[in-house]
Amino acid sequence: MALIMETPVDALIKGEHESPPRWKKSTVVFVLGGPGSGKGTQCANLVKHFSYTHFSAGDLLRAEIKSGSQFGAMIQSMIVDGRIVPSEITVKLLCKAMEESGNDKFLIDGFPRNEENRIVFENVANIEPAFVLFFDCPEEELERRIMSRNQGREDDNIETIKKRFKVFVESTLPIISYYESKGKLRKINAAKPSEEVFEAVKVLFAS
Ligand SMILES: Nc1ncnc2c1ncn2[C@@H]1O[C@H](COP(=O)(O)OP(=O)(O)OP(=O)(O)O)[C@@H](O)[C@H]1O
Ligand SMILES: Nc1ccn([C@@H]2O[C@H](COP(=O)(O)O)[C@@H](O)[C@H]2O)c(=O)n1
Ligand SMILES: [Mg+2]
C-alpha cells in the first residue's frame, strides 16, 4: 500500500501508542556494500537459514513507485539518477514494513546510505544495529555484475552505475567508517564466488 500522509507508523513515531511496538525492540543488521556487491543475494541465503526478515530499502522504494504513491514520480527520477531519496520517505517505508512483518529480527539491505538516513532512522526507530555487514568488492567486478543482472532495473545502465558508484564513495563509505569506529563493522570479501561469500557470512549469524 502506498504511503499516505497519516499511517499507523506516524502514530508510532509520534508515540501515540500505549506501549512500544514490538519492532522498536528488534534486532537489526544493516547490510551495506557497493551496487551489485551481492547484498540481495546473500540476504536471500540468510533468510533460508536464520529467522530474519529481509527488507531491501531499494526494493521498498521500487514498490512504492509501482503502488501509485504521490511520491512515485520523485522517487523514480531519483533512482534513475542514482541519488538518495529523502530519508523521511525511506525510513517510513522501513518502519511500516517492520511493523507489518510481525518479526523482531531484520536484515536491512542498502540502508543507511548516508548520514541523514542513519540519523533519521536512529531518531525514529531508536534502534542501534547489532552489527553492520559490509560486502567489499572492486568497482570493475561490481560493474560486470550489474551489467549482466538482467532484472530490468532502470538504474542498471552504465551512466547511472557511474553515478551510483560516486554516491557510494561519497555518502555511504563514511557511514561504513562510522560503524567501523564503533566496532560494529563486519567486512566480507564479496569478490569471491557467492557460495564462498555465504560461508563467511553464515559464521557471523551462527553465534
Ligand atoms: N559472489 C558473487 N559472484 C558473482 N556474481 C554475484 C555474486 N553475488 C551476486 N552476484 C550476482 O551479481 C548481481 C548483483 O547481485 P545483487 O543483486 O545481490 O547485488 P546488490 O548488492 O543487491 O545490488 P544493488 O545494490 O544494485 O541492489 C546479481 O546478478 C547476482 O546474481
Ligand atoms: N537507503 C536507500 C536505498 C536506496 N535508495 C535508492 O534506490 C536505488 C537502488 O537501491 P539498491 O539498494 O536496490 O541498489 C539507489 O541507487 C537510490 O536511488 C535510496 O535512495 N536510499
Ligand atoms: Mg539489491
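Only a predicted model underlies this, so the values are computations on that prediction, with no experimental measurement involved. Quick note: numbers below take in every heavy atom, side chains included, and nothing from hydrogens, waters or symmetry partners. Whatever order the structure lists them in is the order used to number ligands and atoms, beginning at 1.
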State if Gly110 counts as touching ligand 1 under the rule of any non-hydrogen atom under 4.0 Å. no
Closer than 4.0 angstrom: is that true for some heavy atom of Glu196 and an atom of ligand 1? no
What is the nearest protein non-hydrogen atom to atom 23 (O) of ligand 1, stated with its residue, atom name and distance? Gly36 N, 2.9 Å
Give a table of atom pairs where an N or O of ligand 2 lies under 3.5 Å from a protein N or O.
from     : atom 1 : to     : atom 2 : distance (Å)
ligand 2 : 1 (N)  : Gly110 : O      : 3.1
ligand 2 : 1 (N)  : Asn117 : OD1    : 3.1
ligand 2 : 10 (O) : Arg113 : NH2    : 3.1
ligand 2 : 12 (O) : Arg113 : NH1    : 3.1
ligand 2 : 12 (O) : Arg113 : NH2    : 3.1
ligand 2 : 13 (O) : Arg62  : NH1    : 3.2
ligand 2 : 13 (O) : Arg62  : NH2    : 2.9
ligand 2 : 13 (O) : Arg153 : NH1    : 3.3
ligand 2 : 13 (O) : Arg153 : NH2    : 3.4
ligand 2 : 14 (O) : Arg113 : NH2    : 3.4
ligand 2 : 14 (O) : Arg153 : NH2    : 3.0
ligand 2 : 18 (O) : Arg83  : O      : 2.6
ligand 2 : 20 (O) : Val85  : N      : 2.7

When you measure from atom 3 (N) of ligand 1 to every protein heavy atom, which one gives the shortest distance, and what is it? Arg145 NH2, 3.3 Å
Using a plain distance cutoff, I'd like to know if Arg113 has any nitrogen or oxygen under 3.5 Å from a nitrogen or oxygen of ligand 1. no
Give the numbers and elements of all ligand 1 atoms closer than 4.0 Å to a heavy atom of Ser194. 1 (N), 2 (C)
Does an N or O from Asp109, backbone or side chain, lie closer than 3.5 Å to an N or O of ligand 1? no
Shortest non-hydrogen contact between Asn103 and Phe106, atoms and distance: O-CZ, 3.2 Å
Checking heavy atoms under 4.0 Å, the part of Pro193 that sits near ligand 1 is backbone
Less than 4.0 Å between a side-chain N and a carboxylate O, is that true for Arg144 and Glu140? no
How far apart are the closest heavy atoms of Lys184 and Ala130, and which atoms are they? CD-O, 3.9 Å
Which residue owns the protein heavy atom closest to atom 28 (C) of ligand 1, what's the atom, and how far is it? Arg149 CD, 4.0 Å
Carboxylate-amine/guanidinium proximity below 4.0 Å for Arg153 and Asp59: no
Write down the atom of Cys95, the atom of Val124, and the distance for their closest heavy-atom approach. SG-CG1, 3.9 Å
Output all residues satisfying ring pair (Phe, Tyr, Trp, His ring centres under 6.0 Å) with Tyr178, sequence neighbours left out; order by chain, then residue number. none
With Ser26, which residues qualify under side chain to side chain donor-acceptor pair (under 3.5 Å), at least two apart? none
May I ask you to identify the nearest protein heavy atom to atom 19 (O) of ligand 1, giving residue, atom name and distance to one decimal place in Å? Gly38 N, 3.2 Å
Considering non-hydrogen atoms only, spot the tightest contact between Phe111 and Val91 and give its length. CZ-CG2, 3.7 Å
Identity and separation of the nearest protein heavy atom to atom 31 (O) of ligand 1: Thr41 OG1, 4.2 Å
Under 4.0 Å from a heavy atom of Arg164: give me the atoms of ligand 1 that qualify, with their elements. 26 (O)
Do Arg118 and Glu115 meet the salt-bridge criterion of a basic N to acidic O distance under 4.0 Å? yes
Just say parallel, tilted or perpendicular for the rings of Phe198 and His49, cut-offs at 30° and 60°. tilted
With a 6.0 Å cut-off on the ring centroids, do Phe134 and Tyr179 count as close? no
Locate the shortest heavy-atom distance separating Val85 from Asn117; write the atom from each residue and the value. O-ND2, 4.4 Å
Can you tell me which portion of Arg153 lies within the under-4.0 Å heavy-atom range of ligand 1? Options are side chain, backbone, both, or neither. side chain
Between side-chain atoms of residues 189-197 and protein atoms elsewhere (two or more places apart, or another chain), which donor-acceptor pairs fall under 3.5 Å?
from   : atom 1 : to     : atom 2 : distance (Å)
Asn189 : OD1    : Ala191 : N      : 3.0
Ser194 : OG     : Gln42  : NE2    : 3.3

Any N or O of Asp156 closer than 3.5 Å to N or O of ligand 1: no
If you measure from the Lys or Arg side-chain nitrogens to the Asp or Glu carboxylate oxygens, is any gap between Asp81 and Lys163 under 4.0 Å? yes
Who's the nearest protein heavy-atom neighbour of atom 22 (O) of ligand 1, and how far? Gly40 N, 3.0 Å
Protein contact to atom 25 (O) of ligand 1 [nearest heavy atom, distance to 0.1 Å]: Lys39 NZ, 2.7 Å
Is it the side chain, the backbone, both or neither of Lys192 that has a heavy atom closer than 4.0 Å to ligand 1? backbone
